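Predicted model only: the values in this text are computed from it and were never measured.
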Amino acid sequence: MTDLTTLLEVGGPLAALGGGTAYTRAKYPAVYWSAVGGPISTARLLSSYSSVMEACGLTVAPSRLRVLAVKATTRREVRPVPPRRGIIRPTSTGLRLRLRLAPGQEPADVAASAERLRHAWGVHAVYVTTVKPGVVELRLVGYDVLRRVRMPRNTGSGFLKVPVALREDAMPFVRDYRTVPHQLTLGATLSGKSMYLRHLITGLATQPVALVGIDCKRGVELAPFAARLSALATDPDEAAELLPALVKEMEDRYDLIKARQGIAPDTPDEEITSDIWGLPESERPVPVVLFVDEVAELFLTATRKDEERRDEMVTQLIRLAQLGRAAGIYLEVCGQRFGAELGKGATMLRAQLTGRVCHRVNDEASAKMALGDIAPEAVSAACAIAPELPGLAVAGDTSGGWSRIRTPYLSLGNAAEICRESAHLVPDLPALKPFRPDVPVRPIETPAPAVLPHPATD
């Protein structure tokens with residue numbers, strides 16, 4: 001009886017500790033990793049580093065000098081040499097360490113063994129990046145950071161840089177318009193495409209940038225941000241009037257560059273290699289970011305007159321995509337479906353969109369249209385996105401690199417409030433004034449009248 005009582009006294013706290021650990025791992029993975037998972041994985045890495053590297057084929061034969069030194073000082077067996085390991089640096093999501101490759105090794109050798117290293121050291125994923133010739137960095141991620149997105153403190157934001165999502169290697173995905181001027185974003189209904197768009201708009205709303213929107217769903221997506229928009233078109237007819245105004249604004253900026261830099265006035269725009277960033281800050285026009293939501297609505301036609309209007313709008317979009325970067329005009333093209341069957345000019349427009357973000361789509365053809373020409377292996381990753389993971393997407397660019405990302409939650413009310421608070425930053429662009437949306441004046445909340453106490457009566 002005494003033994004049973006002692007067992008219950010010891011087993012109760014242990015069971016509670018185990019249950020608490022399991023609960024923390026499921027609900028608060030970052031806390032679990034910092035308290036339990038990180039130290040365990042660090043101990044595994046330190047104790048098994050040489051054997052794991054040898055099992056993965058990442059060791060090389062020792063030099064003759066090393067062999068002679070070992071034989072002269074000890075009697076132990078001369079073993080292959082693993083890559084030299086740097087200091088292990090813990091983070092809130094995993095571990096980071098650098099490896100100096102041995103002669104004859106390349107970063108691809110380490111990247112090919114990433115899955116083996118993940119299992120050997122008990123982490124969620126291992127990513128390999130090249131720091132400089134002969135040195136690679138291993139980024140060990142301790143848990144699935146995309147299950148519950150928490151953006152890091154240092155996001156790398158700046159002018160025309162918007163940290164819009166979190167990558168699967170726990171690094172922020174930054175939309176940099178100076179590096180990737182134009183982008184195509186695809187996603188089916190409830191895939192998280194609208195959430196991605198909210199983060200872009202709110203990130204740019206606090207910067208000295210002109211925001212222009214084309215939303216052919218009667219403005220239901222972009223109208224809540226009207227206080228910060230310089231122009232808004234809510235149907236194809238208005239878009240057909242807005243796009244020529246943007247093209248004219250682009251041409252005026254090219255004339256400004258020509259006049260400032262002494263370029264001949266008759267020089268074609270295609271031959272001008274400079275841009276507005278070479279102008280003095282006092283003369284530099286503000287950048288313009290054009291958001292096109294449901295781009296397929298601009299391609300759909302019902303009559304011959306609609307076909308003529310469609311051809312004009314597509315031509316103007318292609319001109320903005322080809323020539324707009326030097327004039328400080330950037331495109332963000334969004335839609336549920338984008339394919340060659342939309343009509344003439346669809347494939348040509350896509351070719352000018354350097355960045356690609358593909359959320360969950362309804363067919364493989366859309367994923368191929370978004371990612372097939374830049375990273376064919378990313379198409380299968382985009383098709384495997386589950387409906388219960390809104391905001392998850394595959395992002396890539398024409399360099400061939402790609403990664404999975406997920407956008408954190410941002411309510412429509414908070415996004416609209418950010419745009420209202422930054423309405424004073426709307427720049428003065430005379431060419432876009434006719435298209436400035438009407439913003440209703442918010443009613444002034446009057447305080448409720450004070451309730452006076454009634455005298456007590458019989």
Side-chain angles (χ1 to χ4, degrees), residues 144-151 162-169 171-177 180 182-204 213-217 220-222 225 289 291-299 331-339 341-342 346 349-350 353-398 400-412 415:
D144 186 4
V145 296
L146 299 184
R147 187 178 64 178
R148 185 177 298 172
V149 179
R150 294 181 61 186
M151 296 295 290
V162 182
V164 68
L166 185 68
R167 297 192 322 196
E168 59 184 344
D169 61 352
M171 295 294 291
F173 175 75
V174 181
R175 176 73 175 93
D176 188 354
Y177 287 90
V180 181
H182 312 305
Q183 182 170 274
L184 173 65
T185 303
L186 296 183
T189 303
L190 299 179
S191 65
K193 175 171 56 66
S194 299
M195 196 72 63
Y196 182 88
L197 195 61
R198 288 177 199 171
H199 278 274
L200 281 179
I201 294 177
T202 54
L204 292 171
I214 295 178
D215 183 7
C216 292
K217 291 195 301 185
V220 295
E221 290 289 347
L222 300 181
F225 318 119
V289 180
F291 295 93
V292 182
D293 193 39
E294 298 302 341
V295 65
E297 290 293 325
L298 300 181
F299 284 84
L331 269 63
E332 199 74 35
V333 180
C334 307
Q336 299 184 29
R337 180 77 170 84
F338 195 83
E341 66 275 5
L342 289 179
L349 175 61
R350 183 198 64 165
L353 306 177
T354 306
R356 310 289 173 82
V357 174
C358 182
H359 295 76
R360 177 179 57 83
V361 289
N362 293 324
D363 58 338
E364 186 180 1
S366 295
K368 288 183 177 179
M369 193 69 176
L371 303 168
D373 60 329
I374 61 172
E377 64 276 8
V379 175
S380 58
C383 295
I385 298 176
E388 57 270 15
L389 294 175
L392 189 63
V394 176
D397 52 48
T398 52
W402 64 277
S403 63
R404 295 197 311 160
I405 64 173
R406 193 175 187 186
T407 309
Y409 177 77
L410 176 63
S411 67
L412 181 60

Who pairs with Val180 by side-chain contact (heavy atoms from CB on, under 4.5 Å), at least two apart in sequence or on another chain?
Arg175, Thr354

For a quick test of reading the model, state the closest non-hydrogen atom pair linking [X] to [Y] and the distance between them.
X      : Y      : value
Met195 : Leu410 : SD-O, 3.0 Å
Thr407 : His199 : CG2-CD2, 3.1 Å
Glu297 : Cys216 : CB-CB, 3.6 Å
Leu371 : Ala378 : CD1-O, 3.8 Å
Leu186 : Lys193 : C-CD, 4.1 Å
Val220 : Asp215 : N-OD2, 3.2 Å

Say whether, by atom type as modelled, one donor and one acceptor occur between the side chain of Arg356 and the main chain of Ala370 under 3.5 angstrom.
yes

List in chain and number order the residues that pass ring pair (Phe, Tyr, Trp, His ring centres under 6.0 Å) with Tyr196, two or more places apart in sequence or in another chain; answer none if no residue qualifies.
His359

Which value, rounded to the nearest 0.5 Å, describes the distance between [X] atom [atom1] and [Y] atom [atom2]?
X      : Y      : atom1 : atom2 : answer
Thr185 : Glu332 : OG1   : CD    : 4.5 Å
Leu222 : Ile201 : CG    : CD1   : 5.0 Å
Cys383 : Asp363 : SG    : CG    : 8.5 Å
Arg148 : Arg406 : CZ    : CZ    : 10.5 Å
Arg167 : Trp402 : CZ    : CH2   : 12.5 Å
Arg337 : Ser366 : CZ    : OG    : 3.5 Å

Less than 4.5 Å apart, any side-chain heavy atom of Leu331 and any of Val292?
no

I'd like to check Val379 versus Glu364 (side-chain heavy atoms, cut-off strictly below 4.5 Å). Are they in contact?
yes

Residue pair Leu197, Phe225: steps toward the side chain to side chain contact (heavy atoms under 4.5 Å, CB included) verdict
CA-CA 11 Å; Leu197 195 61; Phe225 318 119; 6.0 Å; no

In sequence, state the C-alpha distance, the side-chain angles, and the governing distance for Val162 and Leu204, and then conclude on side chain to side chain contact (heavy atoms under 4.5 Å, CB included).
CA-CA 7 Å; Val162 182; Leu204 292 171; 3.8 Å; yes

Within a radius of less than 6.0 Å around CG of Leu412, do more than 12 heavy atoms belonging to other residues, nucleotides or ligands occur?
yes

